[in-house]
Structure formats: C-alpha cells, structure tokens
Amino acid sequence: MDRIKNFLLVNTNSKQTIAKNTIWLVVGELVSRFLRFFVVVYAARVLGAEGWGVFSYALGIGGLLMIFSDFGLSAYITRELTQGKENHQQLVSTAFFIKISVLTLSTIGVIIFGPLIATVKDAPPILYLIAFILFFDSLREFGLAFNRAFEKMEWEAFAKIITSLVILIAGLILISHHPEPKSLAITYFLGSFVGCIILFIFIRKRILFEAKYFQWNLVGYISAVTFSFAFTSLIGSIMANTDVYMLGLWRTPEEIGFYAAGQRLYQFILVVPSIISMAIFPALARLGADRDKFASLLQKAIVTAFIIGIPIAFGGIVFAKDIILLILGQEYFPAIKIFQIFNLMILVAFPSMILSNAIFARNEQKVLVKASGIGACINIVLNIFLIRMFGALGSAIATLISLCFVTLLIGFRIKKVSGFTIGGTLKKPFLAGFLMFLVCLLGNALHVYFIYTVLFAAIFYFLTLLALRDSTLYEIKGIFFAENK
C-alpha cells in the first residue's frame, strides 16, 4: 500500500513522474468530464436547442471579450518554473499581478460591452454571470499552470473533480426548478468559483505570489516574452468563439444550439490529446535543448494521439446519428452532420494540440502567431460565405479547413527545428482504422445495435494493429515512460 501511495503522490524520478502525472490527469479529466457530460446532456435536453443556443452564444460573446485575459502568462509560468531560473520568484509574482490586472479589465469589458454587441436578445441578461465564470476559470487555469510546473497533477485532478461535482449538483437542482439559460449560468459560476478556491488551497504552500517580489522593470520583459503566445491565444480564442458569434448574426438561437451541441461533444473527446499535452509539456520544456530526445518524445506523443484518435474519428462519423439521438434526443437531429464534421476534425485536432505545446517548449512562439493569424483569417472569411450557404454546418467546415492550415504550418516548423518526423509510422494505424470503418458500415447496414458494433469494431481495430505487428504498445509505453532526465 505504501508503495502505491508513494508512486501516486511522490515525484521520485522522471519516468515515474510522467507516469504518475498521466494517471492523475486521466483520472481527473475523465471523472470531471464525465460529471460535466451529464450536466450538458441534461441542460441541452431540458432547455432545448433554443435555450442551449442562448447560453452558448453568451459564452461565445464572453470568450471573445476575454481574449486578453491570460496574455500567455499561464504557459509562461509553467515554462519558467520548470526551467528553474534564479529570479523565478520575481518573475512569478510580477506575472501574477499582470494576470490579475488584465483579467479584471477583461471581466469589466464583458459586463459593459457584451450587451452592446450581442445580437441574440436573451443573451445580455446572463452576460454578467458569464463574465465571472470566465474570471474564475481563467484564474484557476493560472493556478493549474503554476501547479504543473511542480508536476503535482494529483492536486489538479482533485480540483477539477470537485469543480465538476459542484456543477453537477447545482445544475440538477437549479435547472430542474428553473429551466432557463440563467440557471445554467449560475450553475457554472458556482462550480468555477468553488473550483478556483479549492485549487489555491491545495497550492497555497508553494505560492510565490507576494507583493514584495513584484518588479515594475519585469513587466515589460514578461510582456515581450509572452506577446507571441498571447497573440496566439488571442487568435485561438477568436477561432473558438467567432463561429458562434457569426452564427448569431445570420442564424437563429436554435441553430446555434445545434452547432454548440456537436461542438461540446467534440470538446469532450479532446480530453485525449489534452491529457497527453499536459503530461509531456514539462518534459518537453526540459528537453528543449536536446534535439534528439525532444524529437523522440514528441514523435511518441503524436503517434499515440493518432492511434487513439483514428478509431474515435471513424467510428464517430459512422455512428453520429445514433450518438446524437441517444444522448440529446430527436430535437437535435440537425446536429448530426455537424457532429460528423467535428469527428473528422479529430484527426487534425489531436496532433495540433500536442504540436502547439511543442512549439512553445522550443520557444518558437512566432510560428504560432503566424499560423494562428492565417488560420483565423481563413476561418472568418470562410464563415462569411459558408454560414450563409449552409448555416451551422458551413461554420463547422470552415473551422476544419482553418485548423488544417494551422496544423500544417506548425508541423513543418517543428520538423525543421527539432528533426521530428512521423515517417511511415501511421500507415498501419490508418489501415486498421479504414478496415474498422468498413466493419462499422457493415454493422450499420445490418442494423446491429450500434453500441455492440462499436465494441466489436474497437476490438477489431486493436487486434488488426497486433496482426500488422504495429508498435502501438511500444509507442504508448514510450509516452508514459519517456527516457528523459
């Protein structure tokens, strides 16, 4: 028992720490997202497409106006503390006070300007709640970045689970008594507030945010260092929230609800690359100067993400209808094609998230700026045309195309600076995925209950990989037990 306790709660060496942190990240993400999944499904069903669309639209407005709330500071804190610079107390404290200042101004901006730019009439009354939800979410994310530098992911897992548990309990109570978007906003506010407080209680002994360490001369330095990443975060936020806002210009709240339903299910799936990215980022930051080890760890992470993402994407495309109708009900039938596009996007999003972190670990943020800027422009232009022609489906297609451009640009750069390459390692996973795709189509054609087909197809996929003598298990083992010191 002591051995298990020490493995799960004490950092002893690099291999054990990555394995331990990955386990806690998996537990924290899966449990917290599982709890939130019930809230999303319950709210989407009770509020209906219109009510769910109003809440999603208000959240999108808030996201657009909070684009400067982080300024790249979260990732900066993780990198600086991981690299152990001598003046880290001054850097961290100064960054914290910059964070609070920018976050406060952004929150005020949402409250003041949000109602002025909202085009959906029922959105303005809940924007002040959205502002505080995003305030505490952003502050909690800053605390998580600080915590990740010390690689104590068990605290992160506890904080996320408690946050989601509060959201679940509050959501079931409030939405059942008052089925309206405001109830859902209050639910998320309570969860965000409690989760933020809990996290800072966990990390209080390691907190270096002291006023005496604040230095004005570091404000300019930190701003210059984080500018590239801040601009990238800004563009990323625009890409994430522009779709919903532009849908509000030309389409109804119901259609926004259909889009948001498919998008939210897709976001739940993104837990996989998110876990991998968070688990390896400290190691990538340490290995930034070691080209070979950096490239080796990144390759294992990318291959692992593809191996897991391929069956999810292909299966989701085939069974999108069954999944939407089972989870959200007949009212969300128009969301099926949108969800299929988001499933196709998995094949791009999984490697993209990991590559973005790798670029920052290599201090190549300028590439992110260029790639994200191009992607945002493509996304906006395509939305203007595709939303008018195809509605929410067109917006999903625009997001897919723009994400492809961003990922390709980032991938080419990281290959150049690190020597990273995938080579032919994905031929067998894609072959196995294609064969699994045919199995899914056959099961669908024979009207076999889709859950049975999904289970059989998943087993078939991994058995096919084994039959092809693919190094799947080796790659997955490599991501958990990377040889870095």
Side-chain angles (χ1 to χ4, degrees), residues 24-49 51-60 62-63 126 129-130 132-141 143-144 153-176 178-199 240-241 244 256-275 277-278 312 316 323-324 326-329 332 335 339 342-343 346 349 353:
W24 279 114
L25 286 171
V26 169
V27 171
E29 287 291 333
L30 289 182
V31 174
S32 64
R33 295 203 182 212
F34 183 74
L35 294 173
R36 291 196 188 205
F37 178 77
F38 279 103
V39 178
V40 169
V41 171
Y42 182 69
R45 282 179 170 269
V46 174
L47 299 181
W52 178 247
V54 169
F55 174 79
S56 300
Y57 179 80
L59 197 61
I126 64 173
L129 285 168
I130 297 295
F132 286 107
I133 291 171
L134 296 174
F135 176 90
F136 288 110
D137 275 348
S138 185
L139 191 59
R140 186 177 74 250
E141 187 58 38
L144 290 176
M153 276 40 168
E154 58 270 29
W155 293 346
E156 177 170 337
F158 291 144
K160 286 185 174 181
I161 291 172
I162 292 171
T163 299
S164 297
L165 190 60
V166 171
I167 291 174
L168 175 63
I169 295 172
L172 293 177
I173 295 173
L174 293 174
I175 297 173
S176 63
H178 302 283
E180 57 186 14
K182 186 177 181 179
S183 297
L184 184 57
I186 295 173
T187 292
Y188 274 93
F189 165 74
L190 292 173
S192 183
F193 174 75
V194 172
C196 183
I197 298 300
I198 292 295
L199 176 66
N241 298 293
V244 171
I256 296 173
F258 298 144
Y259 180 86
Q263 184 184 50
R264 187 56 63 94
L265 292 177
Y266 160 75
Q267 289 171 344
F268 280 120
I269 299 171
L270 291 185
V271 64
V272 176
S274 175
I275 289 172
S277 297
M278 288 186 290
I312 295 175
I323 294 170
I324 290 292
L326 175 66
I327 295 175
L328 299 175
Y332 287 87
F339 186 50
F342 278 117
N343 273 282
I346 288 172
M353 291 180 68

Contact summary for [X] and [Y], nearest pair of heavy atoms:
X: Ile130; Y: Ala58; answer: CG2-O, 3.7 Å
X: Gly28; Y: Ala157; answer: CA-CB, 3.7 Å
X: Ile198; Y: Ala159; answer: CG2-CA, 4.3 Å
X: Ala261; Y: Leu328; answer: CB-CD1, 3.6 Å
X: Val244; Y: Tyr57; answer: CG1-CA, 3.5 Å
X: Leu270; Y: Ala349; answer: CD2-CB, 3.9 Å

If I take atom [atom1] from residue [X] and atom [atom2] from residue [Y], how far apart are they, to the nearest 0.5 angstrom?
X: Leu174; Y: Ile167; atom1: CG; atom2: CD1; value: 12.0 Å
X: Phe339; Y: Ile324; atom1: CZ; atom2: CD1; value: 5.5 Å
X: Glu141; Y: Glu156; atom1: CD; atom2: CD; value: 7.5 Å
X: Ile312; Y: Ile269; atom1: CD1; atom2: CD1; value: 6.5 Å
X: Ile186; Y: Leu129; atom1: CD1; atom2: CG; value: 5.5 Å
X: Leu199; Y: Leu139; atom1: CG; atom2: CG; value: 9.0 Å

In the structure I gave you, are the side-chain heavy atoms of [X] and [Y] within less than 4.5 Å of one another anywhere?
X: Arg140; Y: Thr163; answer: yes
X: Val194; Y: Ile162; answer: yes
X: Ile169; Y: Leu190; answer: no
X: Tyr266; Y: Asn343; answer: no

Taking only residues two or more places apart in sequence, or in another chain, which ones meet [X] in a side-chain hydrogen bond (donor to acceptor under 3.5 Å, both in side chains)?
X: Ser164; answer: Arg36
X: Glu180; answer: none
X: Ser192; answer: Asp137
X: Tyr332; answer: none

Sequence neighbours excluded, which residues qualify as salt bridge (charged side-chain N to carboxylate O under 4.0 Å, His left out) partners of Arg33?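 Arg33 satisfies salt bridge (charged side-chain N to carboxylate O under 4.0 Å, His left out) with Glu29 once adjacent residues are dropped.
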CZ of Phe34: more than 12 outside heavy atoms within 6.0 angstrom?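 Not more than 12 within 6.0 Å, no.
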Does atom CZ (Phe136) have a neighbourhood of more than 12 heavy atoms from anything else shown, all under 6.0 Å?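 Yes, CZ of Phe136 has more than 12 neighbouring heavy atoms, counting only those of other groups under 6.0 Å.
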For residues 37-49, which side-chain N or O atoms pair as donor and acceptor with protein atoms under 3.5 Å away, sequence neighbours left out?
| residue | atom | partner | partner atom | Å |
| --- | --- | --- | --- | --- |
| Arg45 | NE | Ile327 | O | 2.8 |
| Arg45 | NH2 | Leu326 | O | 3.2 |
| Arg45 | NH2 | Ile327 | O | 3.3 |

Under 3.5 Å donor-acceptor, Thr187 side chain and Ser183 backbone: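 Confirmed, Thr187 side chain pairs with Ser183 backbone.
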Phe135 backbone acceptor or donor facing Ser138 side chain under 3.5 Å: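 No, Ser138 side chain to Phe135 backbone: no donor-acceptor pair under 3.5 Å.
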Under 6.0 Å between the ring centres of Phe342 and Tyr259?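 Yes; Tyr259 has its ring centre under 6.0 Å from that of Phe342.
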